[in-house]
Amino acid sequence: MSYTIDPDAGRSMPTTTMKRIAIVVALVVALFAAYMFTLWFVIRQEVEADEVLVLVRKTGRTIPAELGEEFEDQIVLYPELLDKLAVYEGRELPSDPVERDALRAKVTNHYKGVVLEPLKEGRYYPNPYTYRRERQEVTVIDQGEVGVLIRKFGRPLKFPKTVATEPDERGPVAKTLGPGRHYINKLAYEVQKFPAIQIPAGHVGVVTLLSGDEPKVKNTYTVGPGEQGVQRQTLEPGLEYYNPYHKKIDIVDLRNRTYHMLGNDAIHFPSNDSFTISIEGTIEWSIMPERVADVTVAFGDEEDIINKIILPYARSISRIEGSKLQARDFISGKTRSEFQKELTRQLQAAGEERGIKIHSALVREIVPPPEVASLISQREQADQEIERSRNQIEEAKAEAMLVEQREMQTRNAALGDARRQTVSLTKEAEQRKIISVTQANRELEVARLDLESASKQAKAIIARGQADANVILYDYQARAEPLKNAVEAFGGGMVYAQHFFLQKIAPSIQSVLSNTEGPFADIFRSFQDFTPPVKPLAKGGDQ
């Protein structure tokens, strides 16, 4: 057997394989680059902080007609619709909220429509074949504004509801959006902005619920909380954010207001004696805070309250009370005052019954008929003159009494000063007495102490002198005791003296004169003639 060897065979096979591998690698790299390019530049969505990304599914099934007419026109895949679709597909709704949300997410991938929840700021990779991507601006509610959501999906509202209180109801949503940033899907909701209402100080807000529960008590001006109608509870002063589709707020002034009955509004009525009397006045009034809602519903605004309550009752009371008096009575100040008090009392009672507080009803001017005005005026002036004279007399009496009281006060003040001065002098004398006695006692105590000190000092001097005398005595005794003993030893003082004399003089004698006569010899002779005394023997001893 023979073999033929091709010299190029060993080189051609590896070269072809390498080329194929290179082509495959190049294709893979190109595909990967194309995928990354598509992922990064086509699919990638960068959502900024001031926007949201809304996804609309373009692929999948349409909403089946078997769900009912209310779901035929739905384009938003909201939770309640997804639950219906899950049941329609034969799935069992889990009771756990997390598991139910996961099931809704799965069902969402099967149907066309708008995904309800928008994507907030971040990076996302939604499939452009499956989803249509729509960027929307973040909804911003400024200060002093309130946002109302108009839901575009769900069941239509049932009469008489004006706002959606359930999550699957279409129309204005009862809950409002406060100031701030809100991530709203504007394909599912429309956002309407309204200014917040400012309730000033001294005012309250009367709230009317346009949608709510049926009132439990019928045929009343106001209703309970949450019931449709005018609420009994009012709003305090402040900034109120409210939904105009849900509530209506009327601002009512609770401050005191004044109504002037002048000109055409003046009150005209006949007196008891058939004269026409005209009265001009001023009425100060306000609405009772606890009944402001009832008053607003029953009567209306300020003008309605004046025309329906204040003016009719003021006229009625004035005519009834004025017809009891004669024309001349309206000139008298006392009668006018009594008429004004009665008008105020009855007007307050009528207003309180209807929720209106009458603070005062002031009669500014009463105009009697001209034909009696002058006569009545003259009589009134005379009465006033008499009254003025009486007042002057009373003033004089009061002045005299005042002078007397002043004199009494002056006398009492003088007596008080004298008493105070007496008391002051007495106290001063007592204080001086106490000081003098205290000082004398102190001096007496000092003298007593000085006496005791002097006595002790004298005793000390005596003791010191006695001690000195004893020292001298003991010294002399000490000196005399040897002399006494010597005298006793020699048998007498004379013998001791001779001995002492001779002892002293003997060393000094150099020679002895022979002459025994003379004064000097007498000295020695006296010693020779001296006889010593005999010492007596002790008792019982030898003689």
Side-chain angles (χ1 to χ4, degrees), residues 38-39 42-45 47 51-120 122 124-139 147-177 182-192 211 243 245-246:
T38 304
L39 181 66
V42 178
I43 300 177
R44 179 177 63 95
Q45 296 291 315
V47 182
E51 62 183 6
V52 295
L53 183 65
V54 177
L55 300 179
V56 181
R57 283 191 60 85
K58 300 185 295 182
T59 61
R61 291 173 284 180
T62 57
I63 306 298
E66 288 80 358
L67 292 182
E69 295 181 358
E70 60 178 317
F71 298 106
E72 289 181 358
D73 59 346
Q74 301 297 331
I75 62 172
V76 179
L77 300 175
Y78 59 95
E80 288 72 16
L81 174 59
L82 294 174
D83 291 342
K84 291 284 186 181
L85 292 172
V87 174
Y88 174 77
E89 292 179 356
R91 300 173 183 267
E92 183 179 355
L93 295 178
S95 58
D96 183 61
V98 178
E99 294 179 0
R100 181 169 291 193
D101 290 340
L103 177 60
R104 288 170 179 170
K106 293 178 181 179
V107 176
T108 301
N109 296 329
H110 299 165
Y111 294 91
K112 298 178 181 179
V114 179
V115 179
L116 180 61
E117 294 297 329
L119 300 178
K120 301 178 182 179
Y124 303 95
Y125 300 92
N127 189 344
Y129 173 76
T130 305
Y131 296 100
R132 178 169 64 87
R133 289 87 52 91
E134 181 175 322
R135 293 175 180 270
Q136 298 177 356
E137 292 183 355
V138 170
T139 301
V148 177
L149 292 176
I150 310 298
R151 189 178 290 147
K152 300 179 182 180
F153 59 87
R155 297 176 288 109
L157 291 176
K158 295 182 180 180
F159 182 81
K161 294 184 69 173
T162 60
V163 291
T165 56
E166 300 296 332
D168 61 340
E169 288 182 332
R170 184 185 307 175
V173 180
K175 188 177 181 180
T176 58
L177 301 177
H182 302 275
Y183 300 94
I184 305 299
N185 184 348
K186 295 180 182 178
L187 295 180
Y189 294 95
E190 177 188 352
V191 180
Q192 295 183 358
S211 179
N243 188 339
Y245 291 101
H246 188 208

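Counting begins at 1 with the first residue of the sequence.
The two atoms that bring I184 and P118 nearest to each other are C-CG, 4.3 Å, heavy atoms only. Considering all non-hydrogen atoms of both residues, V107 and A86 come closest at CG2-CB, 4.0 Å. Residues Y245 and V148 share a closest heavy-atom pair of CD1-CG1, 3.8 Å. Closest non-hydrogen pair, T130 versus T59, comes out as CG2-OG1, 3.4 Å. Across all their heavy atoms, A164 and G171 have their closest contact at CB-O, 4.4 Å.
No more than 12 heavy-atom neighbours from other residues, nucleotides or ligands sit within 6.0 angstrom of CD on E137. Annotation for E66: atom CD counts as buried by contact number, over 12 foreign heavy atoms lying within 6.0 Å.
Test Y111, Y189, F153 against Y78 for ring pair (Phe, Tyr, Trp, His ring centres under 6.0 Å) and you get one pass: F153. When each of K158, K152, K161 is tested with E169 by the rule salt bridge (charged side-chain N to carboxylate O under 4.0 Å, His left out), just one qualifies, namely K161.
To the nearest 0.5 Å, atom OG1 of residue T165 and atom NZ of residue K175 are 13.5 Å apart. Atoms CD and CD, from E92 and E99 in turn, are 10.5 Å apart once rounded to the nearest 0.5 Å. Considering CD1 of I150 and NZ of K186, their distance stands at 14.0 Å, rounded to 0.5 Å. Taking CG of D96 as the reference point, atom CG of D101 lies at 9.0 Å (rounded to 0.5 Å). Between the CD atom of E134 and the CG atom of L55 there is a distance of 10.0 Å, given to the nearest 0.5 Å.
Taking a cutoff of 4.0 Å between a charged side-chain nitrogen and a carboxylate oxygen, D168 and K84 do not qualify as a salt bridge.
The shortest side-chain heavy-atom distance between H246 and T176 does not fall under the 4.5 Å cut-off. Side-chain atoms of V52 and N185, non-hydrogen and from C-beta on, never get closer than 4.5 Å to each other. Between L67 and L81, some side-chain heavy-atom pair lies under the 4.5 Å cut-off. The closest side-chain heavy-atom distance from L149 to V191 is below 4.5 Å. Between L187 and V76 there is no side-chain heavy-atom pair separated by less than 4.5 Å. A 4.5 Å side-chain heavy-atom check between L93 and R100 finds at least one atom pair inside the cut-off.
Geometrically, R57 engages Y131 in a cation-pi contact, judged by NZ or CZ lying under 6.0 Å from the ring centre and within 45° of the ring axis.
Between the K58 side chain and the P128 main chain, a donor and an acceptor come within less than 3.5 Å of each other. Of the possible polar contacts, one joining the R170 side chain to the G154 backbone as a donor-acceptor pair under 3.5 Å is found. Side-chain atoms of Q74 never come within 3.5 Å of backbone atoms of I63 as a donor-acceptor pair (strictly under, hydrogens ignored). Not a single donor-acceptor pair under 3.5 Å links the side chain of R91 to the backbone N or O of L85. Checking side-chain atoms of H110 against main-chain N and O of G60 turns up no donor-acceptor pair under 3.5 Å. R133 places no side-chain N or O within 3.5 Å of a backbone atom of Q45 that could act as its donor or acceptor partner. With E72 contributing its side chain and A65 its backbone, the two residues share no donor-acceptor pair below 3.5 Å. Judged by distance alone, with hydrogens and angles left aside, the side-chain atoms of R44 form no donor-acceptor pair with the main-chain N or O of L39 at under 3.5 Å.
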Can you check side-chain contact (heavy atoms from CB on, under 4.5 Å) on I43 and T38, steps first, answer last? CA-CA 6 Å; I43 300 177; T38 304; 4.2 Å; yes

